[in-house]
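The structure appears below as structure tokens.
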Amino acid sequence: MKITVIGGGPAGLWFALLMKKRDPRLAIAVHERNAADNTFGFGVVFSRKTTDLLRRCDDELFRRAEGLVQTWEKVVIVHRDQRIDVGGNHFAGVARITWNRLLQERCRELGVDLRFESNVPEPRVLQRECDLLVGADGVISTVRESWKEAFRPTLDARRNRYIWLATAQPFDGLTLTFRQAPEGLFMAHSYRFSAAQSTFIVECGEKPWRAAGFDRLEEVAGDATLRRLEGIFASDLGGQRLVGNRSKWIQFLLVKNAAWTCENVVLLGDAAHTAHFSIGSGTKLAMEDAIALYESCGRHAGVSEALADFAATRKPVVDAYQENALASTTWFEDAAAKLHLEPLPFAVDCMFRSGKIDLDNLRRRDPAFVARYEAWQAARERPAGPT
Ligand SMILES: Cc1cc2nc3c(=O)[nH]c(=O)nc-3n(C[C@H](O)[C@H](O)[C@H](O)COP(=O)(O)OP(=O)(O)OC[C@H]3O[C@@H](n4cnc5c(N)ncnc54)[C@H](O)[C@@H]3O)c2cc1C
């Protein structure tokens, strides 16, 4: 069987790795338009559940990642200069470049044919020469575009602007910071992904973005953009600088496809769907897709049966995840309207934003936090006594 993968990101590499590991006789080629060490972004995040799942699939990858992965169990919400900690949230962060390098290394030693600097402008040519064509070519997918009548994609550019940056400030949890500048609300999503660096994504509405002049500063974040943001988040950065990596302000693109498969072609990862960074990382979803497709291929010898099985089992899961992610996206888009809330109820509202977490769930994660919140609520409802 001949498998061709377009895109050497986490989805494509992980699928190739798993398939080749199970059956070394498979001929698997991965075409990646960039060089092996060329990657944007900074850190990727996995929940403990995802980490356990990935480890079960390839323990060797995790053995090599040991010492390179940062873990934490707190979500920290900063509002009105007050920090609210919510425990019991287990996450792991790792540098995106490290993660891709480890995946490449494992693919190479298992015998996957990795072809870097191999741009595929016309996937139909490769499709005719293989049994299975995997479109793991990211958010702006050529494969999706080539069969768009079958996949029927919808692309929705969301309202907020965001920029992906990093800093040496070592955040000790997944920290969500809300800062009111004269131009409006600016929000940061930050977490440590290596001993020396944390991801720092800044998000804001169109109005504050324009009012602060970010539309007129350089398109790719240069010094002026970074220094301005350092000023807004001065209390959070502890004097550390912000750095970019080909970073620029963009709008989150919500990608959906009515179908993920067509003929012998399948979409994986960002090419098939995106989910806002406020609910977790696209890398997690991409790698879980790859596991689902690998499992479907294990259950069915025929490609069309395997693809039908993959679409039937995985798509409903991702559709539900995208619903939760959209609720979270909207919460951040409308966050300015919530700023009247005191820090504690604001933090609870923020934790509930996707609809996946309720008070009982939160109680299991961090009973002391919920007790504190309930005490605050009770004090608010208690009639004032005689003075
Ligand atoms: C600016 C930006 C920064 C990001 N930073 C982070 C981050 O720090 N942490 C994080 O968790 N997520 C980050 N993300 C999200 C993350 O990239 C994805 O959710 C995740 O990588 C999805 O994995 P994937 O394998 O589906 O796609 P990708 O990782 O995007 O991989 C797709 C690959 O396909 C290649 N490709 C595309 N077209 C072709 C073609 N025609 N021929 C050959 N190769 C092709 C691309 O070069 C790319 O390497 C970022 C996204 C953006 C837009």
Side-chain angles (χ1 to χ4, degrees), residues 43 45-48 72-91 93 158-164 169 171-181 184-192 198-205 208 229 232-233 235-237 252 254 275-282 284 320-377 379-380:
V45 184
F46 301 123
S47 66
R48 185 161 63 184
W72 63 84
E73 62 94 30
K74 265 190 280 186
V75 172
V76 179
I77 294 159
V78 181
H79 170 44
R80 295 190 193 164
D81 234 2
Q82 267 188 56
R83 171 194 161 120
I84 306 282
D85 289 16
V86 187
N89 303 282
H90 296 274
F91 290 106
R158 299 301 307 180
R159 278 183 276 150
N160 277 358
R161 306 278 166 163
Y162 76 97
I163 187 163
W164 217 296
Q169 172 76 336
F171 291 94
D172 62 351
L174 175 65
T175 306
L176 303 171
T177 307
F178 298 80
R179 290 279 165 208
Q180 187 71 333
L185 176 64
F186 289 84
M187 302 167 276
H189 308 241
S190 39
Y191 54 87
R192 214 171 54 229
S198 299
T199 288
F200 199 84
I201 306 166
V202 180
E203 178 177 7
C204 63
L229 288 173
I232 293 171
F233 292 100
S235 332
D236 311 291
L237 290 169
F252 179 76
L254 176 59
H276 195 246
F277 46 82
S278 61
I279 196 176
S281 108
K284 158 209 148 75
Y321 195 92
Q322 282 192 302
E323 283 293 307
N324 294 128
L326 181 60
S328 179
T329 312
T330 312
W331 190 93
F332 279 93
E333 287 170 349
D334 297 332
K338 310 253 184 192
L339 295 177
H340 64 280
L341 292 172
E342 289 178 36
L344 193 54
F346 181 84
V348 170
D349 203 70
C350 183
M351 291 300 291
F352 288 174
R353 67 188 181 276
S354 73
K356 267 172 64 170
I357 295 178
D358 59 14
L359 207 58
D360 285 340
N361 184 289
L362 209 51
R363 201 187 310 278
R364 284 194 294 279
R365 290 171 192 235
D366 188 346
F369 172 76
V370 173
R372 184 179 160 205
Y373 174 61
E374 287 177 336
W376 173 87
Q377 269 185 321
R380 228 171 120 239

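No experiment lies behind these values; they were computed from the predicted model shown. Note: hydrogens, waters and symmetry copies are ignored here, and every other heavy atom, side chains too, is used.
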So do [Y] and [X] actually touch side chain to side chain, heavy atoms under 4.5 Å?
| X | Y | result |
| --- | --- | --- |
| Y373 | L362 | no |
| D236 | Q169 | no |
| R365 | V75 | no |
| F346 | Q82 | no |
| F171 | T199 | no |

Exercise: identify the closest heavy-atom pair between [X] and [Y]:
| X | Y | answer |
| --- | --- | --- |
| P208 | C204 | CG-CB, 4.5 Å |
| W72 | G93 | CZ3-N, 3.6 Å |
| A336 | L185 | N-CD2, 3.6 Å |
| I279 | A275 | CG2-CB, 4.5 Å |
| R353 | A327 | O-CB, 3.5 Å |
| D85 | D366 | O-OD2, 4.1 Å |

Can you check whether H189 and Y162 have ring centres sitting under 6.0 Å from each other? no
Sequence-distant partners of D349, side-chain hydrogen bond (donor to acceptor under 3.5 Å, both in side chains), two or more places apart: W331, K338
Is there a donor-acceptor pair closer than 3.5 Å between any side-chain N or O of N89 and the backbone N or O of G87? yes
Are the side chain of S198 and the backbone of S190 linked by a donor-acceptor contact shorter than 3.5 Å? no
Between atom [atom1] of [X] and atom [atom2] of [Y], what is the distance when rounded to the nearest 0.5 Å?
| X | Y | atom1 | atom2 | answer |
| --- | --- | --- | --- | --- |
| L341 | H79 | CG | NE2 | 6.5 Å |
| M351 | K356 | CE | NZ | 11.5 Å |
| I163 | L229 | CD1 | CG | 6.5 Å |
| F91 | Y191 | CZ | OH | 11.0 Å |
| F277 | W164 | CZ | CH2 | 6.5 Å |
| R179 | I232 | CZ | CD1 | 11.0 Å |

Test salt bridge (charged side-chain N to carboxylate O under 4.0 Å, His left out) on R380 and E342; report intermediate values, then the result. CA-CA 12 Å; R380 228 171 120 239; E342 289 178 36; 5.6 Å; no
Can you check side-chain contact (heavy atoms from CB on, under 4.5 Å) on V348 and Q377, steps first, answer last? CA-CA 12 Å; V348 170; Q377 269 185 321; over 6 Å; no
Between E203 and R158, is there a side-chain N and carboxylate O pair less than 4.0 Å apart? no
Would the number of heavy atoms belonging to other residues, nucleotides or ligands and lying under 6.0 Å from CZ of R159 be above 12? yes
Please walk me through it: do L326 and L254 pass side-chain contact (heavy atoms from CB on, under 4.5 Å)? CA-CA 9 Å; L326 181 60; L254 176 59; 4.0 Å; yes
Just by distance, with hydrogens left out, do S278 and S328 show a side-chain donor and acceptor under 3.5 Å apart? yes
Over 60° means perpendicular and under 30° means parallel, so classify the ring planes of F233 and F200, tilted if in between. perpendicular
